[in-house]
Engineer: 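Got a structure here, written out as structure tokens. Questions coming.
Heads up: numbering here begins at 1 and tracks the sequence. None of these values were measured; they are calculated from a predicted model.
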Amino acid sequence: MEQAAAGSPLSGDDLEREVEALAEEFSGIFARETIERYVTDSAIRAAGARGTALMPLFVRRMTHDRLEAVAQREGLMSKEVPEVLFVCVHNAGRSQMAAGLLDRRAAGAVNVRTAGSEPADRVNPVAVEAMAELGIDLSKEFPKPLTGELVEAADVVITMGCGDACPIYPGKRYEDWKLDDPAGQGIEQVRAIRDEIADRVDALVASLGAERAESR
């Protein structure tokens with residue numbers, strides 16, 4: 001990969017490093033050519049995100065999630081815990097706050113992913129501030145595009161105002177959370193949205209625990 005793919009914000013050397021790291025992690029699961037294709041595609045999809053210094057990390061995490069989702073879907077990797085996907089339009093506020101809250105509440109008992117139907121170029125800084133008040137750091141998160149493999153791998157898909165953008169697959173639990181959009185809102189309004197999300201996340205954790213107990 002001497003040259004970066006057209007439209008990619010990463011150099012050829014950057015892409016090569018990410019391919020090498022992921023090829024080692026997914027050794028025996030995916031061929032190098034498959035990993036290279038996903039890395040290149042993720043880099044192109046991430047081109048609009050701010051913070052070029054963190055772009056290699058963004059691309060690696062995005063590609064990792066997509067590869068893991070495909071591997072689980074095809075039975076190449078086991079799924080130890082339920083997968084929850086939060087989807088909103090820009091993946092910059094509501095879905096990011098929900099993911100941070102669920103990750104803390106579930107304490108490893110749930111794998112959490114987020115995506116946006118029209119991802120923004122950065123996470124809403126007021127949402128970052130509101131979550132920091134709870135000791136949850138969203139400063140290194142970034143909006144990610146919604147892809148079919150993420151939806152297919154999820155057990156629960158929570159949508160937040162993204163309309164019909166999220167594809168429907170049978171056998172999954174779907175919920176639509178009606179929440180105000182924090183975009184353009186001040187800290188007081190965003191705190192209120194955060195707290196409403198926290199209540200919904202608590203209910204979600206309880207329901208997932210009940211479902212797992214019933215399945216045993």
Side-chain angles (χ1 to χ4, degrees), residues 4-11 14-15 17-18 21-22 38-69 84-104 111-147 149-151 154 157-163 165-166 177 179-198 200-201:
S8 169
L10 298 184
S11 69
D14 286 334
L15 289 172
R17 281 191 291 270
E18 301 316 313
L22 289 164
Y38 272 93
V39 167
T40 301
D41 182 67
S42 293
I44 292 171
R45 290 173 181 262
R50 291 190 185 182
T52 54
L54 294 175
M55 189 61 70
L57 173 63
F58 293 177
V59 170
R60 184 183 301 183
R61 287 171 56 188
M62 187 189 307
T63 307
H64 176 277
D65 281 356
R66 296 176 69 190
L67 289 171
E68 185 178 63
V84 175
L85 174 65
F86 290 106
V87 183
C88 66
V89 177
H90 301 305
N91 192 213
R94 291 165 291 186
S95 55
Q96 295 285 355
M97 289 192 288
L101 287 162
L102 178 56
D103 191 56
R104 168 174 285 187
N111 191 34
V112 188
R113 296 190 176 108
T114 68
S117 54
E118 299 176 16
D121 61 358
R122 61 171 177 168
V123 175
N124 183 335
V126 185
V128 173
E129 180 184 352
M131 294 299 288
E133 294 175 348
L134 302 182
I136 299 175
D137 184 11
L138 296 185
S139 65
K140 295 182 175 62
E141 299 301 326
F142 63 101
K144 298 171 286 296
L146 178 64
T147 61
E149 59 260 13
L150 295 182
V151 181
V157 180
I158 309 292
T159 58
M160 303 172 175
C162 55
C166 187
W177 290 2
L179 297 161
D180 290 337
D181 189 344
Q185 305 278 7
I187 186 64
E188 291 295 335
Q189 291 86 351
V190 174
R191 284 179 184 137
I193 296 169
R194 176 200 67 193
D195 294 344
E196 183 177 355
I197 292 172
R200 291 174 179 266
V201 164

Engineer: Compare every heavy atom of S117 with every heavy atom of P119, then report the nearest pair and how far apart it is.
Structural biologist: CD-C, 3.7 Å

Engineer: Can you measure from OG1 (T114) to CD1 (I158) and round to the nearest 0.5 angstrom?
Structural biologist: 13.0 Å

Engineer: What pairs with D41 under salt bridge (Lys or Arg N to Asp or Glu O under 4.0 Å), at least two apart in sequence or on another chain?
Structural biologist: R45, R66

Engineer: What heavy-atom pair brings G93 and P182 nearest, and what distance separates the two atoms?
Structural biologist: CA-CG, 3.9 Å

Engineer: Could you tell me which residues satisfy side-chain contact (heavy atoms from CB on, under 4.5 Å) with R61, sequence neighbours excluded, listed by chain and number?
Structural biologist: L57, E141, F142

Engineer: In chain order, what residues pass the side-chain contact (heavy atoms from CB on, under 4.5 Å) check against E118, with sequence neighbours excluded?
Structural biologist: V89, H90

Engineer: Can you tell me how far apart CE (M62) and CG (L150) are? Round to the nearest 0.5 Å.
Structural biologist: 9.5 Å

Engineer: Would a 4.5 Å heavy-atom cut-off, applied to side chains only, mark L85 and L146 as touching?
Structural biologist: yes

Engineer: In Å and rounded to the nearest 0.5 Å, what is the CE to CG distance from M160 to L179?
Structural biologist: 6.0 Å

Engineer: Can you confirm whether E68 sits close enough to R113 that some side-chain heavy atom of one is under 4.5 Å from a side-chain heavy atom of the other?
Structural biologist: yes

Engineer: Which residues pass the salt bridge (Lys or Arg N to Asp or Glu O under 4.0 Å) test with R200, sequence neighbours left out?
Structural biologist: E196

Engineer: Taking the side chain as every heavy atom from C-beta outward, state whether Y38 and L22 have any pair of such atoms under 4.5 Å apart.
Structural biologist: no

Engineer: Just wondering, do T63 and E18 contact through their side chains at under 4.5 Å, heavy atoms?
Structural biologist: no

Engineer: Under the salt bridge (Lys or Arg N to Asp or Glu O under 4.0 Å) rule, collect the residues that match up with E188, sequence neighbours excluded.
Structural biologist: R191

Engineer: Is it true that a side-chain atom of R194 and a backbone atom of L134 form a donor plus acceptor pair closer than 3.5 Å?
Structural biologist: no

Engineer: How long is the gap from CG on L138 to CE on M131, to the nearest 0.5 Å?
Structural biologist: 5.0 Å

Engineer: Quick one: list whatever passes salt bridge (Lys or Arg N to Asp or Glu O under 4.0 Å) with R17, sequence neighbours left out.
Structural biologist: D14

Engineer: Compare every heavy atom of V190 with every heavy atom of A130, then report the nearest pair and how far apart it is.
Structural biologist: CB-CG1, 3.8 Å

Engineer: Donor-acceptor pair, R94 side chain versus C88 backbone, under 3.5 Å?
Structural biologist: no

Engineer: Measure the spacing between CG of N124 and CG of N91 and express it to the nearest 0.5 Å.
Structural biologist: 12.0 Å

Engineer: Any side-chain heavy atom of E129 within less than 4.5 Å of one from I187?
Structural biologist: yes

